[in-house]
J.: 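Questions regarding the structure given below will be posed in turn.
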Amino acid sequence: MNGVVYSTRVEGARPGQDSVVIEVWIEQLRIAINEVNGAASSAAPRTAINHFGTFDIPDSFCALVKDYVARKASFEEGNAKLFAALKARLVQKKSQHTKIM
């Protein structure tokens, strides 16, 4: 599969932290990966500071990326539901120090 290579800014970078990363957008998967272990679905590449061209990414690695992003999305969805339910229970018991059942 083809990967578009470019540099872009990291969202939410802290002062003193390098805010520019190299990123690869895998066109066929519509997934962007970067050098700080970020991977997410992306309809298009993010705004590029520099464009370095394209290269062929092995299908075996693309399968790993696709699986990782799917599992990450599933985890984030489940995690959000868990903590929403937990917060609702805690609000009811905010002045108590008890076990949450």
J.: Report yes or no: do V69 and I26 belong to one cluster of Ile/Leu/Val/Met/Phe/Trp/Tyr joined by side chain heavy-atom distances under 4.5 Å?
T.: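 Looking at the clustering, I26 is in the same group as V69.
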J.: Between L29 and K66, which heavy-atom pair has the shortest distance, and what is it?
T.: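 Scanning both residues completely, I find the closest heavy atoms to be CD2-CD, 4.0 Å.
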J.: Without placing hydrogens or testing angles, list every side-chain donor-acceptor pair under 3.5 Å for residues 32-39, not counting sequence neighbours.
T.:
{"unit_1": "N34", "atom_1": "OD1", "unit_2": "V36", "atom_2": "N", "d": "3.0"}
{"unit_1": "N34", "atom_1": "OD1", "unit_2": "G38", "atom_2": "N", "d": "3.0"}
{"unit_1": "N34", "atom_1": "ND2", "unit_2": "E23", "atom_2": "OE2", "d": "3.4"}
{"unit_1": "E35", "atom_1": "OE2", "unit_2": "I22", "atom_2": "N", "d": "2.8"}

J.: Are more than 12 heavy atoms from other residues, nucleotides or ligands located less than 6.0 Å from atom CZ of F55?
T.: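 Above 12, so yes.
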J.: Taking all atoms of both residues into account, what is the closest heavy-atom pair of G3 and I57, and its distance?
T.: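 The answer is CA-CD1, 3.7 Å.
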J.: Tell me the closest heavy-atom pair linking R46 and R9, and the distance in Å.
T.: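 Shortest heavy-atom contact: NH1-O, 3.6 Å.
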J.: Check the hydrophobic clustering (I, L, V, M, F, W, Y; side-chain heavy atoms under 4.5 Å; chains of links allowed) and say if V24 and V10 are grouped together.
T.: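 Looking at the clustering, V10 is in a separate group from V24.
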J.: What heavy-atom pair brings A48 and Y6 nearest, and what distance separates the two atoms?
T.: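 A48 and Y6 have their closest heavy atoms at CB-CB, 3.7 Å.
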J.: Within this structure, what is the CG-OG distance for the pair N79 and S74, rounded to the nearest 0.5 Å?
T.: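 Spacing of CG (N79) from OG (S74) equals 10.5 Å.
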J.: Using atom types as modelled and distance alone, determine if a side-chain donor or acceptor of T8 lies under 3.5 Å from a backbone N or O of T47.
T.: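 Flag set: sc T8 to bb T47 pair under 3.5 Å.
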J.: For residues S7 and F52, report the shortest heavy-atom separation together with the two atoms involved.
T.: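 S7 and F52 have their closest heavy atoms at N-CE1, 3.7 Å.
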J.: Between I49 and W25, is there a shared hydrophobic cluster once you connect ILVMFWY residues whose side-chain heavy atoms come closer than 4.5 Å?
T.: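 Different clusters.
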